[in-house]
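Labels below follow one simple rule: chain letters A, B, ... track the order of the sequence lines, proteins then strands, and each chain is numbered from 1. Note that the coordinates shown come from a computational prediction; the quantities given were computed from them, not determined experimentally.
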There are 2 protein chains.
Amino acid sequence: MAGDISIGELSRRAGVKVTTIRFYEGAGLMPAPPRSEGDRRLYDAGHVRRLSFIRHARELGFEMEDLRTLLELSDRPDGSCGPVDEIAGRHLAAVEGKIAKLTALKGELSRMLETCNHGAVGECRVIEALADHSHCGGEH
Amino acid sequence: MAGDISIGELSRRAGVKVTTIRFYEGAGLMPAPPRSEGDRRLYDAGHVRRLSFIRHARELGFEMEDLRTLLELSDRPDGSCGPVDEIAGRHLAAVEGKIAKLTALKGELSRMLETCNHGAVGECRVIEALADHSHCGGEH
DNA sequence: CTTGCTCCTACAGTGACTGGAGGATGCAAC
DNA sequence: GTTGCATCCTCCAGTCACTGTAGGAGCAAG
């Protein structure tokens with residue numbers, strides 16, 4: 001039961017850098033674990049699960065603030081999962097918004113590159129397009 | 001010709017906050033303009049163009065480092081626009097990569113929300129999906 | 001002369017880490 | 001026992017692209 005795990009080992013198992021683990025501890029996402037006599041952090045399998053959860057959620061783009069709530073909720077398994085769905089739903093909408101923005105942006109970049117005749121900067125369509133803000137529908 | 005523009009007016013015309021303009025000056029993207037007797041910055045139409053260029057490029061997601069190069073290039077209109085195309089092309093590839101990542105992410109989020117039966121956190125599919133890292137093809 | 005807006009500098013804070021300095025610990029080989 | 005190396009510790013500064021605040025000065029209108 002006491003299969004103690006060093007911070008380096010935890011780092012390898014969860015795929016999170018050692019410094020980042022310590023940062024998460026300071027930020028309150030990971031608990032301060034017990035220490036060895038030589039003051040080293042001693043983790044267990046529960047910490048690996050929690051850190052993997054954090055890593056996965058961060059990869060999915062959840063902010064640390066969301067993560068704090070998500071972790072708190074997952075610690076109390078008998079509560080309603082409504083707030084969890086709310087956070088995930090809000091995040092999904094944000095992701096969809098980002099995709100839409102990036103797709104528009106990609107269109108503008110492609111257009112810029114296609115119409116450029118690759119001569120001198122003076123006639124560069126890319127530079128012109130960047131300077132001329134008028135045809136990209138920006139608010140202002 | 002001397003239609004002097006205050007920093008606030010420049011801010012309104014280019015759609016960039018006053019503090020951000022001063023930040024750009026410190027960062028070397030905007031030149032330090034002449035000053036009035038009362039030590040206020042005096043801009044002209046050229047500054048409006050340059051700042052609009054910067055704003056537009058930033059909106060398109062170019063980093064300040066890229067911007068420095070882009071601005072330098074646009075100041076010498078007789079050079080080749082090859083480097084410009086290179087920067088824009090690199091950026092386009094990055095944008096396409098981001099879109100792909102976000103689309104995968106959107107799929108995972110949707111799947112999580114769809115399969116959740118909205119009961120207690122203990123059975124919440126969203127929490128489970130976040131905890132279980134195995135089926136999302138993450139490297140590790 | 002006062003009110004209220006704009007402007008000035010200088011510096012701290014954001015989010016989510018990352019990296020380095022300078023030192024302690026742990027363990028294996030010699 | 002000691003040498004050497006990897007790993008660990010804390011603390012703090014830096015990253016990016018700003019944003020916000022404090023504390024003051026300039027300037028035009030009423």
Student: Would you give me the side-chain donor-acceptor pairs under 3.5 Å for residues 16-34 of chain A, sequence neighbours excluded?
Tutor:
from: A/Glu25; atom 1: OE1; to: A/Arg41; atom 2: NE; distance (Å): 2.8

Student: For the CZ atom of B/Phe62 and the CG atom of B/Leu67, what is their distance to the nearest 0.5 Å?
Tutor: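 Result: 8.0 Å between the selected atoms.
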
Student: B/Ile21 CD1 to C/dT6 C1': how many Å, rounded?
Tutor: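 Taking atom C1' of C/dT6 as the reference, CD1 of B/Ile21 is at 13 Å.
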
Student: Using whole Å, report how far CG of A/Leu29 lies from P of C/dC17.
Tutor: 9 Å

Student: Given 3.5 Å as the limit, does a donor-acceptor pair link the side chain of A/Ser110 with the main chain of A/Lys106, or not?
Tutor: yes

Student: Salt bridge check: are A/Arg12 and A/Glu9 linked by an N-O gap of less than 4.0 Å?
Tutor: yes

Student: Show the nearest heavy-atom pair for residues A/Leu130 and B/His56, with the distance to one decimal.
Tutor: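 Scanning both residues, the minimum pair turns out to be O-ND1, 3.1 Å.
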
Student: Could you check how far CG of B/Asp4 sits from P of C/dC7, rounded to whole Å?
Tutor: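 Rounding to the nearest Å, CG of B/Asp4 and P of C/dC7 are 13 Å apart.
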
Student: Once each nucleotide of nucleotides 8-18 of chain D is scored for protein heavy atoms under 4.0 Å, what B/S/- sequence comes out, 5' to 3'?
Tutor: SSB------BB

Student: Whole-Å distance between C/dA16 P and A/Met30 CE?
Tutor: 17 Å

Student: Please table the atom pairs, donor to acceptor, closer than 3.5 Å between any side-chain atom in residues 86-97 of chain B and protein atoms at least two apart or in another chain.
Tutor:
from: B/Glu86; atom 1: OE2; to: B/Arg90; atom 2: NE; distance (Å): 3.1
from: B/His91; atom 1: NE2; to: B/Leu60; atom 2: O; distance (Å): 2.6

